[in-house]
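A quick note: this is a predicted structure, and the numbers were derived from the prediction, not measured. Every number for a ligand or one of its atoms is a count from 1 in the order of the listing. Throughout, numbering of the chain's residues begins at 1 and tracks the sequence.
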Amino acid sequence: MSNKNNNNKTNKNKLWGGRFDHGPAEAMELLNASIHFDKRLAEEDITGSIAHATMLATQGIISDADLSEIKRGLAQISEEIAAGQFDFKIEQEDIHMNIEARLSDIIGEPAGRLHTARSRNDQVATDFRLWTRSSLDSIVIELKAFQKALLGLAEQHVETLIPGTTHLQAAQPVSLAHHLLAYVEMAGRDVARLGDCRKRMNLSPLGAGALAGTSFPIDRDMTAKLLGFSAPMQNSIDAVSDRDFALEFLAALTISATHLSRMAEEIVIWSSQPYSYIVLDDAFSTGSSIMPQKRNPDGAELIRAKVGRIMGNLVAMLTVMKGLPLAYGKDMQEDKEAVFDSVDHFILSLKALTGMVATLSVNKDAMAAATMKGHITATDLADWLVQNLNIPFRRAHEITGSLVGMADQKKCELDKLSLSDMQSIEADITDGIYDVLDPRRALNSRSSLGGTAPSAVKEQLKLWKEQLK
Ligand code: ARG
């Protein structure tokens with residue numbers, strides 16, 4: 001960083017320095033600049049400028065000759081950026097002024113007409129909406145790929161028994177497919193939430209000017225259309241000052257990252273030795289530098305942790321926006337890194353999780369063995385008492401509890417209690433009761449809509465396969 005002091009008369013900003021005696025102090029320049037991160041908006045900035053200039057020419061506000069020069073210069077800048085040859089300068093503060101300054105170097109005077117009837121306030125709001133919209137679209141594609149990976153695995157495991165748990169304690173037998181389809185549902189709502197968010201995001205702030213609109217005869221419908229927005233925003237003050245589209249997007253990502261973290265946690269648990277339900281592929285496992293036997297689920301642990309920063313970004317941005325007076329405030333420059341960071345880490349997590357799901361191997365025997373433990377069919381036993389002995393459910397619950405206590409004392413599962421043991425607690429029990437103690441029978445019996453029986457799970461699979469075609 002060059003050494004600047006408050007009397008530096010040579011580093012006045014060319015684009016807005018007219019009323020200034022001297023340029024910024026070094027700390028001010030560093031604080032004010034956003035180019036080191038908002039250069040990610042370069043393509044959107046160029047696209048937005050082309051739309052704006054095209055509209056200006058159509059409305060006779062600039063000449064066709066100026067328009068073609070502007071387009072030529074912007075095309076060159078786009079190539080320079082793509083080739084890594086663009087010199088991003090901190091003196092030019094942000095991406096908007098870097099591009100405009102370079103345009104002026106390339107085409108001279110017509111560059112100075114591009115900013116007619118536009119402010120950086122509507123410009124940045126437009127660029128940021130465009131960037132966020134395209135990230136949202138990429139994320140939706142990735143979420144669908146994740147759902148397809150889950151469906152692919154689920155299809156092979158409609159009959160695979162696992163202990164369904166509540167409080168992480170054996171509860172009732174379910175199929176692995178049923179469990180995986182729960183995540184398909186969550187991801188489906190994540191996609192829907194992003195879709196709703198997109199509708200509100202997809203409105204054009206361009207033409208709002210600094211905050212009050214403009215006296216030039218602009219055509220906001222035209223720029224909205226050129227940029228793929230569904231319509232212009234209706235209030236110029238709102239258009240430049242709100243960032244709720246980004247907040248909503250971050251909130252949707254936070255919810256989705258929370259879902260991913262739950263699956264990641266289950267992968268960590270399921271791949272641990274006491275469980276051994278699954279083995280992650282080598283491509284998604286890591287080793288230890290000291291313990292040669294180790295196969296660690298680092299990827300899953302990181303996905304579990306990433307929600308921390310993604311949620312943090314949402315909170316950071318809510319905090320920035322809270323209490324801001326209308327319209328634009330430079331505070332809002334702090335909006336971008338939160339979104340960039342969340343998008344980067346969300347997409348990376350999601351791709352890795354999709355890869356894990358697509359390549360992991362399932363240890364059906366370990367899952368089946370776990371399903372034989374923990375009196376997992378106790379609810380079925382209670383239901384049998386209700387259905388066959390006409391005992392009220394609360395009483396059946398109590399009897400079953402006593403039977404579970406007896407089995408624990410004898411260190412066995414319910415199906416190993418003898419009929420006379422059972423009858424010592426409820427005299428009317430017959431040996432028909434043993435039928436319902438088999439976990440597979442319990443699985444098959446829960447055929448209600450959305451339930452775990454293969455017949456019900458096949459319905460869920462069918463619906464999702466239709467939907468994701
Ligand atoms: N870099 C700025 C931002 O991201 C662009 C808008 C600047 N507007 C202004 N009135 N200073 O918010």
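Taking 4.5 Å as the limit, some side-chain heavy atom of V362 sits within range of a side-chain heavy atom of L153.
At a cut-off of 3.5 Å, with distance as the only test, a side-chain donor of R118 or H115 sits close to an acceptor on the other residue. For the residue pair E266/H179, the side-chain donor-acceptor check at 3.5 Å is satisfied.
The CZ atom of F346 sits 9.5 Å away from the CD atom of E142 when rounded to the nearest 0.5 Å.
A salt bridge does not link D196 with R193: every distance from a Lys NZ or Arg NE/NH1/NH2 to an Asp or Glu carboxylate oxygen is 4.0 Å or more.
Listed by chain and number, residues touching ligand 1 at under 4.0 Å (heavy atoms only) are S34, D38, D94, H96, R120, N121, V124, Y328, Q333, K336.
With respect to R120, the salt bridge (Lys or Arg N to Asp or Glu O under 4.0 Å) criterion is satisfied by exactly one of D94, D38, D127: D94.
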